[in-house]
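Following: one structure in structure tokens, then a few remarks.
Counting from 1, the numbers follow the sequence of the chain as shown. We use all heavy atoms of the structure for the numbers below, so side chains are in, but hydrogens, waters and symmetry mates are not. Atoms within each ligand, like the ligands themselves, are counted from 1 in listed order.
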Amino acid sequence: MTDEPVRFRGACPHDCPDTCATITEVEDGRAVRFYADPEHPVTRGWLCAKVRPYLERVTSDERLLYPLRRVGPKGAGQWQRISWDEALATIAVRWQAIIAQYGAAAILPYSYSGTLGLVQTVMMDARLWGRMGASGLERAICSAAAHAAVMATLGARHSADYADVRQSKLVLIWGHNPASTGPHFMPFLREAQKAGTYVVVIDPRRTLTARSADEHLQPRPATDGALALGLMQVIFAEGLHDEAWLEAHSHGWRELRERASAYPPDHVAAITGIPAETIVNLARRYATTKPALLKTADGVQRHQNGGQIFRALLCLPALVGQYGVRGGGLAYSTGGYATWDAEALTHRSACPPVPRVINMNRLGAALTGEATDPPVKSLFVYCANPVASSPNAGLIVEGLQREDLFTVVHEQFMTDTADYADLVLPATTQLEHTDLHRAYGHRYLQYNHAAVVPPGECKSNWDVSRLLAQAMGYTEPWLHESAEEALAGVLEASRATNPYLTGITLERLQQEGTVPLHFTEATDIPFGDLRFPTPSGKVELASSLMEARGLDPLPNYEEPDEYVAARAHGATDGLILISGASHHFVSSSLANQPSLRAKEGEPFIEIHPSDAAQRQISDGAYVIVENQRGWCELRARVTDDVPPGVAVAPKGPWAKFSRHQRNINWTTPDALADLAGQSTFHSNIVYVRPVS
Ligand SMILES: Nc1nc2c(c(=O)[nH]1)N[C@H]1C(S)=C(S)[C@@H](COP(=O)(O)OP(=O)(O)OC[C@H]3O[C@@H](n4cnc5c(=O)[nH]c(N)nc54)[C@H](O)[C@@H]3O)O[C@H]1N2
Ligand SMILES: Nc1nc2c(c(=O)[nH]1)N[C@H]1C(S)=C(S)[C@@H](COP(=O)(O)OP(=O)(O)OC[C@H]3O[C@@H](n4cnc5c(=O)[nH]c(N)nc54)[C@H](O)[C@@H]3O)O[C@H]1N2
Ligand code: SF4
Ligand SMILES: [Mo]
């Protein structure tokens, strides 16, 4: 006899602003259906093409089910199944020996965005490693510069819900491709467009989002700071700025006007490649069409000058008095509302000081000599696939091959990174563990119930953390709480000081699944009270925090070193390579799923017809993409979706499913940006030639 299906509410765990509300139907202990919550105000009953076939992933034959020990050379793929007891004992013995000889700083935990859950990622990141005194990880691969720029300029990552775009009359979508990367925004944008809203996309590539815009501007990559300053120059010069607003609510607008005066349209046209007339027209349109929304995301900051690009974007809405206006302002992230009490989350006061911090963008360098005192002797990777996703991946592989490095990878699948592990531990998926999610694109909390029992011997991150704590002899109760106990404690402490969490308890979350954060009339519109939690209480166009860090307090434009150096060496055949999001994967997650790989097609590079002709490259041919860091082989798509001089090869494809077992990250730079140690994936010059 079959039982009636039982429904479990959940949340999509992936690194995507939409954090969809999901429902899993379970029959006889098996997940039989997985779909979108029809009642969620943002999910609205549909999941993206990536996550709709999620049960394929959860029930895949390729899932890792048991702990494995390497028995051949590193990377050779020879494994032996072992028990959890043996795996944990092996790790504890190795770590105790490393700690005795080098100190816990020689252990580097490496994690990022496999799941964005509060328990399975955030808590796991903080507690065990804090207690151990392991090396800290500077999590700067994705959004660090934008985060720092927002805090310096506005003081908080506050944004409106997607639905508010229906109030906008003009939308600038700047360096963001929501049709692929945050698709639940698009129906709201369409509604606005039908009602007459004018949509401008600013992106070097003709993306899926750009295709349906009213206007598409294609600046030369990394010149957005100049473009934004150029728009400001026109607005100030033509007296279109809102002087009363600037006087009352901003700091440093006269200095900014002075700075912008160095960016007249002709000069900006020469830098960006966008005609002066287009710049002037956009400036006038932006200053006179209200409400005007500047919508952006994380992609545009992955440049050496990414911090300053973001600072410039953040200044624009202030010039025309658009902060605190429904349908206006700047939409970047809603991540700043549901903040957690740091002590309750981390128990930092009970931990030794963090001995040092290693920037995750420098993983390859750190493993091959940059980290010396002490060297990294053990790497524990979870929720990340650095060989596929982190920059300068060839150097990471070199580091992972070190005989004296003890690498443990906790994973759902045998990834490019797991290939180089000494021990592989099997991880649960979202259907098999408990978690709580806040979104960065909407303003609801999502509770994720475990719907099914983990297959094989899979264990969640938090359970592995508890077992490791036990194996290491750490007895603090906060390392051994259940997921629910830990959540209840963090919620209670956080609610006491964070008004957005008013009335939100664990019980409510468990019952309702989706719970809106608490807004009042005064807080509903971001910065609606025109109070900004910056040092001056105003929008800091001239930023005191930037100045305190010894940085330019005003936005500026500087060309990335890599572009300058390529010219200085007389290389005229270099192409600027952008490697943003793929449509069917989330970073490298899902990129091993056969149905999605089939949809995405073979790993490719888009190249303009004129650049292709110069290099004798025909559409569909294999090409070598190469620079001083490394190379990979991709299939050419000859298309005018990219301008001359620019190429696009999306992130995500696994190296092992690519030609010569390499992907685009064999070429990407591990140099750091101008702010917060940010990654610089797109400040990348490559040389492309046919495979001979
Ligand atoms: N389908 C899918 N969705 C995803 C992801 C994914 O891999 N696939 N990744 C998730 C993650 S981790 C993140 S951080 C977000 C990112 O979300 P987005 O920021 O929307 O995505 P990206 O593709 O990284 O970058 C956006 C756009 O920036 C453009 N760009 C690059 N350089 C420049 C520049 O110099 N100037 C301008 N104006 N534009 C530039 C790229 O062409 C790209 O179209 O998406 C998330 N959602
Ligand atoms: N060329 C280029 N590369 C980029 C970027 C770019 O723009 N260009 N963007 C970068 C950005 S924005 C980001 S955010 C990074 C993301 O880089 P990563 O954080 O490394 O993300 P993924 O590559 O998706 O790998 C996540 C892994 O976590 C695993 N996982 C999922 N859930 C769990 C779990 O519960 N437990 C454990 N133990 N594992 C789990 C998944 O199976 C997957 O293999 O990529 C960066 N890479
Ligand atoms: S990846 Fe994004 S759009 Fe797709 S289901 Fe997850 S949260 Fe929703
Ligand atoms: Mo990201």
Could you say whether the N/O atoms of N177 and ligand 1 ever approach to under 3.5 Å? yes
Min side-chain heavy-atom separation E633-R662 under 4.5 Å: no
What residues come within 4.0 Å of ligand 2, counting heavy atoms only? D15, R57, Y112, S113, G114, T115, I141, C142, R302, Y382, C383, A384, N385, S389, H410, E411, Q412, T415, A427, T428, H433, N461, S579, V586, S587, S588, S589, K651, I664, N665, T668, F681, H682
Can you find an N or O of R220 that's nearer than 3.5 Å to an N or O of ligand 1? no
Got an N/O contact under 3.5 Å between A222 and ligand 1? yes
Centroid-centroid under 6.0 Å between Y54 and H14 rings: yes
Which residues pass the side-chain hydrogen bond (donor to acceptor under 3.5 Å, both in side chains) test with K295, not counting sequence neighbours? none
side-chain hydrogen bond (donor to acceptor under 3.5 Å, both in side chains), paired with N684, selected from T667, N665, T668: T667
Please indicate whether any nitrogen or oxygen in H583 is less than 3.5 Å from any nitrogen or oxygen in ligand 1. yes
Quick one: which residue pairs count as a ring pair (Phe, Tyr, Trp, His ring centres under 6.0 Å) with a foot in residues 411-435, not counting sequence neighbours? none
Quick one: list whatever passes side-chain hydrogen bond (donor to acceptor under 3.5 Å, both in side chains) with R438, sequence neighbours left out. none
Looking at the rings of Y263 and Y557, which for Trp means the six-membered one, are their centres under 6.0 Å apart? no
